[in-house]
Amino acid sequence: MIILWCVVLTLTACRPGSPCSGHQFDRLRRYSLPYAGHWVIARGDTVTFPDAPQMGDRFELERIVLDATTVVVSRECVFRGKIMFRAPRADTVSAGWFGQPGQAIVTGWPADLGPFAGLSLAWASSARDSLSGAILFDAKLGVQARPGMTARFVAGRAGAPPRLSSAP
């Protein structure tokens, strides 16, 4: 019995720790949490494909939800999120996200909407009440963003009072 207890104790002590704990995760959390919240798309560009115009205007973002709840994806700890679409159909897609110095990255995208990997978000104002974002292309699919291939948007916190000044 003592030998079995020692084996269990040794295996428990030697197993890898949770990716959602430790110094590295504390740093990730510190960069990420300011972005957490519900973000409503105020305005956005359409995606422009100079070589394939039929792919443009295929989707419209409505809202981005960045939750502070963590999930483990492929041994990496990220935060849970959602990307909500208005077009081509009302849809909500589960996403993962994390913050880093100067930006947050949201991953997850419906495969039928195109060769996209997710979103890049950065502060659009010093008050941290609005975000400027861009669509990220999925390099694994061989797509390379060239000049003219853009899709940018601006989002504000849901429930925030409207600003009287010009949009960021």
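It should be emphasised that the depicted structure is a prediction, and the values quoted were computed from it without experimental measurement.
Grouped with M84 in one hydrophobic cluster are V65, the linkage being side-chain heavy-atom contacts under 4.5 Å among Ile, Leu, Val, Met, Phe, Trp and Tyr residues.
Rounded to the nearest 0.5 Å, atoms NE2 (H38) and CG (D67) are 7.0 Å apart.
Looking at heavy atoms from C-beta onward, F153 lies in side-chain contact with L119 at the 4.5 angstrom threshold.
When all heavy atoms of R128 and R157 are compared, the pair lying nearest together is O-NE, 3.6 Å. When all heavy atoms of L66 and I64 are compared, the closest pair comes out as CD2-CG2, 3.7 Å. Closest approach of G99 and L28 over heavy atoms only: O-CD1, 3.5 Å. Annotation for L131 and A124: closest pair C-CB, 3.8 Å, computed over non-hydrogen atoms. The shortest non-hydrogen separation linking A134 to R152 is CB-NH1, 3.3 Å. In this structure, G102 and A122 approach most closely via the heavy-atom pair O-CB, 3.7 Å.
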Verdict with reasoning, L136 to T107, per side-chain contact (heavy atoms from CB on, under 4.5 Å): CA-CA 9 Å; L136 299 174; T107 59; over 6 Å; no

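Shown here are the side-chain contact (heavy atoms from CB on, under 4.5 Å) partners of S126, two or more places apart in sequence or in another chain: there are none. Residues satisfying the ring-ring contact (aromatic ring centres under 6.0 Å, His included) test with F25, not counting sequence neighbours, are F79. Listed by chain and number, the residues in a ring-ring contact (aromatic ring centres under 6.0 Å, His included) with Y35 are W123 (sequence neighbours excluded). In terms of the side chain to side chain donor-acceptor pair (under 3.5 Å) criterion, R63 has no residue partners (sequence neighbours excluded). Residues satisfying the side chain to side chain donor-acceptor pair (under 3.5 Å) criterion with T92, sequence neighbours excluded, are absent altogether.
Screening residues 93-106 for side-chain hydrogen bond (donor to acceptor under 3.5 Å, both in side chains), with sequence neighbours left out, gives Q103-S120. Contacts classified as salt bridge (Lys or Arg N to Asp or Glu O under 4.0 Å) and involving residues 27-38 (residues at least two apart or in different chains) are not found.
V72 and F98 end up in different hydrophobic clusters when Ile, Leu, Val, Met, Phe, Trp and Tyr side chains are linked at under 4.5 Å. Taken together through direct or relayed side-chain contacts under 4.5 Å among Ile, Leu, Val, Met, Phe, Trp and Tyr, V71 and Y31 form parts of separate hydrophobic clusters.
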